[in-house]
Each structure stands twice: as structure tokens, then as C-alpha cells.
A.B. asks: 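Just dropping this structure here.
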2 protein chains.
Amino acid sequence: MLTHAEENYLKAIFKITERQNKSASTNKIAEYVNTSAASVTDMIQKLAVKELIHYEKYKGATLSEVGNKLATQLIRKHRLWEVFLCDKLKFPWEEVHDIAEELEHINSAALINRLDNFLGNPRFDPHGDPIPNAEGKFMLRNQSTMDNLQVGQKCVLVGVSQHSVPFLQHLNSLKIKLGTAFKILDKLDFDKSMKIEVDSVNQVTLSHTVANNLLVKLI
Amino acid sequence: MLTHAEENYLKAIFKITERQNKSASTNKIAEYVNTSAASVTDMIQKLAVKELIHYEKYKGATLSEVGNKLATQLIRKHRLWEVFLCDKLKFPWEEVHDIAEELEHINSAALINRLDNFLGNPRFDPHGDPIPNAEGKFMLRNQSTMDNLQVGQKCVLVGVSQHSVPFLQHLNSLKIKLGTAFKILDKLDFDKSMKIEVDSVNQVTLSHTVANNLLVKLI
DNA sequence: TTTTATTTTTAGCCATGTCTAAATTAATAT
DNA sequence: ATATTAATTTAGACATGGCTAAAAATAAAA
């Protein structure tokens, strides 16, 4: 059985190696688990002994097959709890991450399977991230970031690739949420900002940073 | 903020001093938190320094006002989660304790208040134990243990004072659950067992131990 | 290709919460 | 009242997970 700390390290390595296609560096992991590089070295050595990760001195860490399985189950638990918090308890989407961060450490397969059923076996969490099934398979979706679209194209928001509270609150204030439909009205060259029509009613301008963090599906 | 361990000690002392009307002994606490007496001595000394308990060498521990407040909130969380597990996730009542034992350590007042609302502000948990409200007030009920009743009296099961899995499964097998109505048919002197009519249909014999752990309300 | 800067590791230390064994105090029985 | 038993505390140790400061390895720049 894993400790909380071990679980957090596995999840960090999962997320880092998922984004970049190479091993997770000590510093990057330290940033994710909010600790010092020295502590990370200690911990990843222990995880390597337990064969949860592959680790070579000075070359970072990647998950072993077992470690990957465990990390995936954590992601599953985290995202299911987020759905519970938003759908059932009506939490706003910017508040669910921290609570789910604690809930994900509860250990009970029966609990998670019943929760999954109770929620109607959701495929995506409140931020649009896919929820792996009990076997660890993720559902993929063809999506792109909004800044890639051309003037005139229409799309629907299916996810956000940043979960920070200020970013999500910014979207709230623009009345943008998952499912919102957009039409690209204009793209400004000098700062890459975009003029957008939201739900066929109001127009807003999005900075490149914002557009880059919006995951959309063409319609 | 409290650690898991500290929370478990406070809860243990709460339960012990709730039952007996005197301070919780080192050994008793050790039994509740499943550790050695030496470890308990260590921990209660720390808790005393933090003024969460009153402690005098060789004389056991009682909760301070602050400690009592914290313990009560833990009980509240535990019991609300038990309701969630039974009512929403349809867990059988003998399986919820262990899971709630983990869930109760999640720290979020917003979460608990929303959960309380979501569940319809229940006053009692699946074993019939009262759930303190956000201010820590318990709802009391006039109840007695079934072994106190006389032949001919009728009652309804409103709680169980033992939560062990075998005991609860035994009740399952007898089709006895909260809300079940009984009539006392006979009391046997030599072993204090009782002959009972359950829900006006089947008759069963309950040992004194079982009857003593059934909390009932006369009707 | 050296020098410099950055990253990673090692070494030594600390707090938490546990343990066993031994010592001390309290309770019980003769 | 004293001896025995039981309960409690102390002492010393260990595992986990964190820290800082210094050393070593790698990467970047001159």
C-alpha cells in the first residue's frame, strides 16, 4: 500500500511525462509536489527500489508499468470526485481541485466503483479532462486549442488545459463554460488576441494565453 | 491544523468519555487507536501541551473545550459520510464504517456543509447514532436497550450500540434493520434471551447480548 | 575547450508517530 | 501493611518524509 506522499510523487511524474515526452526531472517533480530537489531525490530512490518508477542518476524518472497503473487509478479517483463535487454538491469548477486532491487518497475500490455508477459513469471531469475507466483506459477526443482556429470557424468548449483558480474565475466572468459555443470573429496579429462571439450573443476579446488554454471541438 | 493521528486520538477520547463518565485511561485509548500504551502516553502529552485535552500523569485524559469541539466535528463528518455511503451509494450498513473512517479526515467546511444539504440534513446515521449539527449540538432521543422491555411491549429499532461487521450481518440475516417493529413475546430467565416477533411476521430468539445492543423506542 | 551556471545528489539534521524493554506508580490481595 | 499484580510512564530506537548546506555531475556559454 502506498503512502500519501508516494501517491503524490507518482501522480506528479505521471503528469510531467504525459505532457513532455521524456523523463521527469528532479526539479520539475519538486515543483509539482512543492518540495525541495533534495527531498525528491530521496523519494524517487525509494520509489525506484519499490519498482514503481525507472530511475537513473541525473536522468530523471519515468513510471514503471505498475507505477503507471497506480497513477492512473489516482487520476481516476481525482476526476470522479471532481464530478461529484460539481454535479452533486454544486461546487463551482474552480473550487473542486483542492478537495479532490484529498479525496483521491481514500482507498476503496468498492467506493470508487459505486461512485462511478452513482455519477452515471462520466467520461470527462468538470474541466473536460478524460476519466480513465476501471481498467485505466482513457477516452480520447479530437480537440485543439482555440488559438489554432481560423476566422469564421465555429467550435464548442470541451476542456481547459489550465486549472488555476484565477483563470477559471476569469472564464466565469466571461460566461464561458464547458459546452459554450464560439465563432471566431477576428485574430489580431500583433498580440495574437482573438475576437470571439460567445453563444451567439456577446462578443469578447481573448488574450493569446487564454485562447491557448481553451480546448475546443470544431462544429 | 491536526494530523490524522491527533484526530484519531481526540475521537477515541471522545467516545470513551462519552460512554463512561470519567477520564479515558491510557490503556483504553490504546485499545481504541490500536497502538501501544507507551505510544498513547507520548501522544497525550503532546495533545495536552496543545491544550486539546486535560491530562494528569497516571490519571488519564479528558477533552478540553477546544478538543471537544474538534472531536464533535469529526463525529459529524464521519456520520454524514456514512449516510452518503448508505443512502446514495447503497453500501450495506456493515461496510460503511471503515470508509467513513478515512473520509472523516478530509478538511473542508464547505464540503461538509454542502454534503449535509445534499443528504437532506439527516439527524441520524445508518446505525441510528445522532449527527451533531454544524454548531456541535446532538439531537437526543428517548430510547432504551431492548433487553429492558417487558413481555407484551412493542417497539421500533432506532439504533444499534455495536457496529461490528459480524453483529450487523447477524441482524441482516434476521431481517432486522432500523425501523423494524418488534413485539416482546417472552423473556427466558436462565439466559436472559428473548423471544420476539419481527414486523408482525416471523419470530426469532435474541441472545441477551444482541438485545442489549439494540436501541429501541416504545410504540 | 575551458569556464561558468545549473541541476542533481549526498550528508547530516529534525519532527512525527510508532515500537520494545525497563522503571515507576497505582491498585489489589493476602 | 506489605507483597503482588496491573497500569502507566520513561528511555532509547526506528521508519517516513521533510529540510539546509555542501559536493558532484551535467549543461551552457565564452
Side-chain angles (χ1 to χ4, degrees), chain A residues 1-14 16-17 19-63 67 70-71 74 101-102 104-105 107, chain B residues 1-14 16-17 19-63 67 70-71 74 101-102 104-105 107:
Chain A
M1 200 73 306
L2 302 176
T3 65
H4 275 208
E6 289 173 327
E7 291 191 334
N8 288 336
Y9 276 88
L10 290 185
K11 218 172 36 134
I13 296 168
F14 181 94
I16 294 165
T17 52
R19 278 182 171 72
Q20 334 158 156
N21 197 26
K22 49 177 181 149
S23 68
S25 75
T26 302
N27 263 353
K28 203 88 192 134
I29 297 171
E31 184 189 306
Y32 268 69
V33 302
N34 200 32
T35 186
S36 71
S39 302
V40 172
T41 301
D42 268 10
M43 181 57 108
I44 60 183
Q45 286 173 345
K46 290 176 198 160
L47 292 174
V49 169
K50 294 187 181 181
E51 301 198 301
L52 298 172
I53 64 174
H54 302 303
Y55 166 59
E56 240 186 300
K57 266 192 184 180
Y58 298 101
K59 298 202 170 169
T62 56
L63 293 174
L70 292 168
L74 281 168
E101 206 72 17
E102 296 197 51
E104 75 191 4
H105 296 295
N107 260 317
Chain B
M1 200 73 306
L2 302 177
T3 65
H4 275 209
E6 288 172 329
E7 291 191 334
N8 288 335
Y9 276 89
L10 291 185
K11 219 174 32 135
I13 297 167
F14 181 95
I16 294 165
T17 54
R19 279 182 170 74
Q20 333 159 157
N21 198 26
K22 48 176 181 152
S23 68
S25 74
T26 302
N27 262 353
K28 203 84 192 139
I29 298 172
E31 184 190 305
Y32 268 68
V33 302
N34 200 32
T35 184
S36 71
S39 303
V40 172
T41 300
D42 269 9
M43 181 57 108
I44 60 184
Q45 286 174 346
K46 290 176 198 161
L47 292 174
V49 169
K50 294 187 181 179
E51 300 197 303
L52 298 173
I53 64 173
H54 302 302
Y55 166 60
E56 240 186 299
K57 266 192 185 179
Y58 299 102
K59 298 201 170 166
T62 57
L63 293 174
L70 291 168
L74 281 168
E101 205 71 20
E102 296 196 51
E104 75 191 4
H105 296 296
N107 261 316

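Naming: A, B, ... by sequence-line order, numbering from 1 per chain. Below, all heavy atoms of this structure are taken into account, side chains as well, without hydrogens, waters or symmetry copies.
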A.B. asks: Check whether any side-chain N or O of B/S36 sits under 4.0 Å from OP1 or OP2 of C/dT18, and answer yes or no.
C.D. replies: no
A.B. asks: Mapping B/K59 and A/D42 to their closest nucleotides on DNA chain D, which lands nearer the 5' end?
C.D. replies: B/K59
A.B. asks: Among the nucleotides C/dT10, C/dT18, D/dG17, which one has an atom lying closest to any side-chain atom of B/A5?
C.D. replies: C/dT18
A.B. asks: Between B/T26 and B/Y58, is there a donor-acceptor pair closer than 3.5 Å when you use the side chain of the first and the backbone of the second?
C.D. replies: no
A.B. asks: Starting at CE of B/M43 and ending at P of C/dA15, how long is that distance when rounded to a whole Å?
C.D. replies: 16 Å
A.B. asks: In whole angstroms, how far is the C1' atom of C/dT25 from the CD atom of B/E56?
C.D. replies: 14 Å
A.B. asks: Is the backbone of B/T3 close enough, under 3.5 Å, to the side chain of B/E6 for a donor and an acceptor to pair up by distance?
C.D. replies: yes
A.B. asks: Between C1' on C/dG17 and OH on B/Y9, what's the gap in Å once rounded to a whole number?
C.D. replies: 8 Å
A.B. asks: Looking at B/N27, does any N or O in its side chain come under 4.0 Å of the phosphate oxygens OP1/OP2 on D/dT8?
C.D. replies: yes
A.B. asks: If the cut-off is 4.0 Å, is A/Y58 near the phosphate of C/dT10, judged by side-chain N/O to OP1 or OP2?
C.D. replies: no
A.B. asks: CG of B/N34 versus C1' of C/dG17: gap in Å, rounded?
C.D. replies: 14 Å
A.B. asks: Check the orientation of B/H4 and A/H4. Use parallel for under 30°, tilted for 30 to 60°, and perpendicular for over 60°.
C.D. replies: perpendicular
A.B. asks: Within this structure, what is the NE2-to-P distance between B/H4 and D/dG17, rounded to whole angstrom?
C.D. replies: 14 Å
A.B. asks: Output yes when at least one side-chain N/O atom of B/K57 is less than 4.0 Å from OP1 or OP2 of C/dT24, else no.
C.D. replies: no
A.B. asks: Measure CG/B/L2 against C1'/C/dT16 and give the value in whole Å, please.
C.D. replies: 14 Å
A.B. asks: Can you identify which nucleotide, out of D/dG17, C/dT9, D/dT9, has its nearest atom closest to the A/I44 side chain?
C.D. replies: C/dT9
A.B. asks: Between C1' on D/dT26 and NZ on A/K22, what's the gap in Å once rounded to a whole number?
C.D. replies: 14 Å
A.B. asks: Would you kindly compare B/S39 and A/K50 by the position of their nearest DNA chain D nucleotide and give the one closer to the 5′ end?
C.D. replies: B/S39
A.B. asks: Taking only N and O in the side chain of A/T3, is any of them less than 4.0 Å away from OP1 or OP2 of D/dG17?
C.D. replies: yes
A.B. asks: Is the backbone of A/T35 close enough, under 3.5 Å, to the side chain of A/S39 for a donor and an acceptor to pair up by distance?
C.D. replies: no
A.B. asks: Are OP1 or OP2 of C/dT9 and a side-chain N or O of A/T41 less than 4.0 angstrom apart?
C.D. replies: yes
A.B. asks: Considering all heavy atoms of both residues, which atom of B/A24 and which atom of B/I16 are nearest to each other, and what is their separation?
C.D. replies: CB-CG2, 3.6 Å
A.B. asks: Taking only side-chain nitrogens and oxygens of A/Y55, does any of them come within less than 4.0 Å of OP1 or OP2 of C/dT9?
C.D. replies: yes
A.B. asks: Output yes when at least one side-chain N/O atom of A/T26 is less than 4.0 Å from OP1 or OP2 of C/dT9, else no.
C.D. replies: yes
A.B. asks: Whole angstrom is fine here: how far is it from CD in A/Q45 over to P in C/dT10?
C.D. replies: 5 Å
